[in-house]
Amino acid sequence: MPELPEVETIRRDLKKKILNKKIKQVLVTGKARVNLDHKGFVKVLKNRKFVNIDRVGKLLIFDIDLKNRFLLVHLKMTGQLIYTRGQQVTAGGHSDVKYNFNLPDKSTRVTFEFVDGRKLFFNDSRRFGYLRIVNATELQKVKEKFGIEPLVKNFTLENFEKILQGRKTNIKAILLNQQLIAGIGNIYADEACFDARVLPGTQVSELTSGQVLKLHRAVEKVIKKAIEERGTTFNNYRDSEGKRGNFLKFLKVYGRVGLKCKRCSGIIEKTKVAGRGTHFCSKCQK
DNA sequence: CCTTGTGTTCTCCG
DNA sequence: CCGGAGAACACAAG
């Protein structure tokens with residue numbers, strides 16, 4: 001479940017590793033979700049370089065050294081971008097036996113091979129993720145659909161208040177809406193609500209100004225901390241070296257149903273809000 | 001049946 | 001009756 005912090009971690013790491021490296025070959029398997037036919041997709045990327053990697057919300061944008069062509073990568077639920085040295089994943093430190101595999105494997109959909117022999121694998125067991133080649137006009141259209149980035153300077157309290165103004169839904173639905181705020185998914189929506197002591201199902205019109213202030217701070221705080229910890233590995237997420245994110249141990253509510261609240265004596269509950277599994281402590285969130 | 005991110009469709013309301 | 005908002009549904013596959 002890569003959300004903003006996970007995608008941002010991959011973006012920053014990959015920028016250091018693959019920028020301006022010539023792509024020697026691209027391999028697309030039959031099950032890859034790519035917007036062009038495989039031959040056309042390979043043709044765009046072969047012998048090219050990525051000259052920058054950008055991100056909007058949970059979407060990665062690779063600038064190609066080819067006029068008017070960009071590669072969009074969305075990881076959706078189980079997508080991974082793993083960069084290896086030859087056959088072996090470069091993961092050291094907290095490498096995980098199960099995922100310290102030889103690549104490519106069954107879930108590999110696309111492989112980029114660079115001139116130095118290193119490879120970048122797009123793995124996606126559930127195949128919800130996709131790769132898309134777009135032109136500048138299409139890229140612009142895609143970007144326009146996203147709302148404010150939580151860690152950019154225009155994510156002010158005033159702008160957050162404007163987003164909430166007149167809404168007739170609950171706060172979680174707002175936090176998950178990519179057209180309003182970009183990059184928050186189910187984990188960080190629940191965590192931000194917990195940090196702000198607000199129940200995720202609270203109608204926006206019922207929020208006090210104090211709660212709005214706390215929610216604004218909570219979104220910034222949680223996303224920032226999660227990036228520092230290189231994201232959350234709950235199931236499938238791995239960084240570009242195949243390593244887990246460290247934020248799991250900082251989760252206060254997500255995935256903790258039935259466990260004791262880390263802030264009070266309550267027990268974490270789980271219901272459905274905005275159509276998603278939602279975790280909260282009804283004792284210290286109001 | 002569940003999981004989540006997102007695009008589409010439906011419905012409601014002013 | 002139009003448009004926007006929000007909810008509901010669909011879809012991906014394990």
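Lettering of chains follows the sequences in order, A, B, ..., and the numbering in each one begins at 1. Note that these values count all heavy atoms, side chains included, but never hydrogens, waters or copies made by symmetry.
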Inset, instruction - Classify the nucleic acid contact of A:Arg276 as base, sugar-phosphate or nothing, counting any heavy atom under 4.0 Å across all strands shown. - result: base

Inset, instruction - Indicate, with a heavy-atom threshold strictly under 4.0 Å, whether A:Gly277 touches base, sugar-phosphate, or nothing. - result: sugar-phosphate

Inset, instruction - Describe the nucleic acid contact of A:Lys270 in one word from base, sugar-phosphate, nothing, applying a heavy-atom distance below 4.0 Å. - result: sugar-phosphate

Inset, instruction - Applying ring-ring contact (aromatic ring centres under 6.0 Å, His included), name anything that partners A:His74, two or more places apart in sequence or on another chain. - result: A:Tyr130

Legend entry - Separation of atom CG in A:Asn170 from atom P in C:dA7, rounded to whole Å: 6 Å

Legend entry - Any A:Lys76 side-chain N or O less than 4.0 Å from OP1/OP2 of B:dG7: no

Inset, instruction - State whether A:Thr169 places a side-chain N or O below 4.0 Å from either non-bridging phosphate oxygen (OP1 or OP2) of C:dA7. - result: yes

Inset, instruction - Determine whether A:Ile181 and A:Pro150 make a side-chain contact, defined as any pair of heavy atoms from C-beta on separated by less than 4.5 Å. - result: yes

Inset, instruction - May I ask you to verify if any side-chain N or O of A:Tyr188 is less than 4.0 angstrom from the OP1 or OP2 atom of B:dG5? - result: no

Inset, instruction - Test the A:Lys225-A:Phe250 pair against the cation-pi criterion, namely NZ or CZ under 6.0 angstrom from the six-membered ring centroid and within 45° of the ring axis. - result: yes

Inset, instruction - Scan A:Tyr237 against the nucleic acid and name what it touches under 4.0 Å (heavy atoms): base, sugar-phosphate only, or nothing. - result: nothing

Legend entry - Gap between atoms NZ and C1', on A:Lys168 and B:dT11 respectively (whole Å): 15 Å

Inset, instruction - Considering just the side-chain nitrogens and oxygens of A:Lys58, establish if one lies under 4.0 Å of OP1 or OP2 belonging to B:dT6. - result: yes

Legend entry - side-chain N/O A:Gln178 vs B:dT6 OP1/OP2, d < 4.0 Å: yes

Inset, instruction - In whole angstrom, give the distance that lies between atom CZ of A:Phe146 and atom C1' of B:dG7. - result: 12 Å

Legend entry - Member of A:Lys172, A:Arg276, A:Glu3 meeting the side chain to side chain donor-acceptor pair (under 3.5 Å) criterion with A:Asn186: A:Lys172

Legend entry - First encountered from the 5' end of DNA chain B, between A:Tyr130 and A:His279: A:His279

Legend entry - Sugar-phosphate only, base, or nothing, as touched by A:Lys145 at under 4.0 Å among non-hydrogen atoms: nothing

Inset, instruction - Rounded off to whole Å, could you give me the CD-to-C1' distance for the A:Glu6 and B:dG5 pair? - result: 13 Å

Inset, instruction - Would you kindly compare A:Met77 and A:Arg167 by the position of their nearest DNA chain C nucleotide and give the one closer to the 5′ end? - result: A:Arg167

Inset, instruction - Look at A:His74 and B:dT6 and indicate whether a side-chain polar atom (N or O) is within less than 4.0 Å of OP1 or OP2. - result: yes

Inset, instruction - Quickly work out the A:Leu180 CG to C:dG4 C1' distance and round it to whole Å. - result: 13 Å

Inset, instruction - Indicate, with yes or no, if the rings of A:Phe280 and A:Phe194 have centres closer together than 6.0 Å. - result: no

Legend entry - Aromatic centroids of A:Phe234 and A:Tyr254 separated by under 6.0 Å: yes

Legend entry - Rounded distance in Å - CD1 (A:Ile187) to P (B:dT3): 13 Å

Inset, instruction - Rounded to the nearest angstrom, tell me the gap between atom CG in A:Asn186 and atom C1' in B:dG5. - result: 10 Å

Legend entry - Protein-nucleotide distance (A:Phe128, atom CZ; B:dT6, atom C1'), rounded to Å: 12 Å

Legend entry - Phosphate-side-chain proximity, A:Arg33 and C:dA12, N/O vs OP1/OP2 below 4.0 Å: no

